[in-house]
**Q** 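Input: one structure, supplied below.
Lettering follows sequence order; numbering is per chain, from 1.
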2 protein chains.
Amino acid sequence: MITQKAKYALRALTVLAEADDGEPVMISDIAAQQKIPKKFLEQILLDLKHQGIVVSRRGKQGGYLLLKPADMITFGEVLRIIDGPIAPLPCLSITAYRKCDDCDGEQNCEIRHVFAKVADATRKVLFSTTIADAVAPRGAEVTRMLA
Amino acid sequence: MITQKAKYALRALTVLAEADDGEPVMISDIAAQQKIPKKFLEQILLDLKHQGIVVSRRGKQGGYLLLKPADMITFGEVLRIIDGPIAPLPCLSITAYRKCDDCDGEQNCEIRHVFAKVADATRKVLFSTTIADAVAPRGAEVTRMLA
DNA sequence: CTTAATCTCTATTGATTTAGTAGGGTTACA
DNA sequence: TGTAACCCTACTAAATCAATAGAGATTAAG
């Protein structure tokens, strides 16, 4: 299960993706629109800012904007920032590798082998889907495939 | 990330799969062989027993045995018992479906749509791999595919 | 029939994570 | 210079994780 926080982050980004270019969106607007507790959303957007996903403008007329185009922001990178490693085992994580203390001999660990396949399949989906895909009207994906 | 408990469960089952047919294996032997805290393993095996994965014999010469052949026990069903739902969102769970309180209109929820693909991919791997696969010598899978 | 070995079950515990809340501090537009 | 907005840190209640503890039930062996 992904955390509530990650769900909030993804929803918030879709709001930013739908905003007019260069027009900052206020935290309170995003919170209201997506029913996200405002103070919690603040933290989330701050994280996303620190990790180079969004930028902010302070003071009156301030708010948040996407730093990169929506079709350059993948679900995978957002999940990594908010929820941490994608991999189901520490010894399979790309960003936070840690040897399993029990299984010695990773090459021979069949459990690892199975979960490596899970991790691959998961990454394929998460890193090939972007915020733009989440905003696109229904059927857009199919349309793109036929083009 | 799967829990430590799930990893222990899978390892314990591979030990049972490797035991001679009809020969019960004691908790302490499994614990020693796989470096699992014995009392913790007790609980795990009890769970697996209640869920019809293994059977036990009490008293002297007692121990645990697989209830089904190892190639009929999938990683997926073990994970469900120990860690709960496979799906990354409650609204995608087969065994523990729960409507997301925020996203109304599941058909139109694009986040759900993306994670549905993740869930499908994960299930494909987890329910097509069995304890027998985890015990089989390296390369067995390839051999089977070429046959 | 007693004893020791073995599984059975429930409760408890400490650490960590999750999902927020709280409350100032800082910036910048008007 | 006021005040609307983001910035940042700390705190907390509840749940989950990874065990540990200990009494009870069952069975094989002597």
**Q** Can you run down the ring pair (Phe, Tyr, Trp, His ring centres under 6.0 Å) pairs that involve residues 8-41 of chain A, sequence neighbours left out, and say none if there aren't any?
**A**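 Non-adjacent pairs meeting ring pair (Phe, Tyr, Trp, His ring centres under 6.0 Å): A:Tyr8-A:Phe40.
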**Q** With the side chain of B:Pro37 defined as its heavy atoms from C-beta on, choose the nearest nucleotide among D:dC6, D:dC17, D:dA19.
**A**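 Of D:dC6, D:dC17, D:dA19, D:dA19 is nearest to the side chain of B:Pro37.
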**Q** Just the rounded figure in Å: distance from P of D:dC6 to NZ of A:Lys38.
**A**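 That distance rounds to 7 Å.
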**Q** Does any residue of residues 12-22 of chain B have a heavy atom under 4.0 Å from DNA chain C, and if so, which ones, in number order?
**A**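 Going residue by residue through residues 12-22 of chain B, none turns out to have a heavy atom under 4.0 Å of DNA chain C.
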**Q** Below 4.0 Å from chain B heavy atoms, what is the first contacting nucleotide of DNA chain C and what is the last?
**A**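 Contact span on the strand: C:dA5 to C:dA11.
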**Q** Taking atom types as modelled, is there a side-chain donor on B:Asp83 or B:Thr3 under 3.5 Å from an acceptor on the other?
**A**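 Side chains of B:Asp83 and B:Thr3: pair found under 3.5 Å.
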**Q** If only side-chain N and O atoms of B:Tyr8 are considered, is one of them under 4.0 Å from the OP1 or OP2 phosphate oxygen of D:dC17?
**A**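 No, B:Tyr8 has no side-chain N/O under 4.0 Å of OP1/OP2 on D:dC17.
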**Q** With ring pair (Phe, Tyr, Trp, His ring centres under 6.0 Å) as the rule and sequence neighbours excluded, what pairs involving residues 43-64 of chain B come up?
**A**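 Qualifying pairs: none.
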**Q** Indicate yes or no for a side-chain donor-acceptor contact from B:Glu77 to the backbone of B:Thr74 under 3.5 Å, with no hydrogens or angles considered.
**A**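 It does hold such a pair.
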**Q** Treating B:Ser128 as the side-chain partner and B:Val125 as the backbone partner, does any N or O pair qualify as donor plus acceptor under 3.5 Å?
**A**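 Side chain of B:Ser128 to backbone of B:Val125, a donor-acceptor pair under 3.5 Å: yes, one is there.
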**Q** Is there a donor-acceptor pair closer than 3.5 Å between any side-chain N or O of A:Thr129 and the backbone N or O of A:Leu126?
**A**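 No, A:Thr129 side chain to A:Leu126 backbone: no donor-acceptor pair under 3.5 Å.
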**Q** Of the residues in residues 45-53 of chain A, which ones touch DNA chain D at a heavy-atom distance under 4.0 Å?
**A**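 Residues of residues 45-53 of chain A under 4.0 Å from DNA chain D: A:Leu46, A:Lys49, A:His50.
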**Q** Could you run down the sub-3.5 Å N/O contacts of the protein with nucleotides 26-30 of chain D?
**A**
unit_1 : atom_1 : unit_2  : atom_2 : d
D:dT26 : O5'    : B:Arg58 : NH2    : 3.3
D:dT26 : O4'    : B:Arg58 : NE     : 3.2
D:dT26 : O4'    : B:Arg58 : NH2    : 3.0

**Q** If you assign A:Lys5 and A:Glu42 each to the DNA chain C nucleotide with the nearest heavy atom, which residue ends up on the more 5' nucleotide?
**A**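 Of the two residues, A:Lys5 wins.
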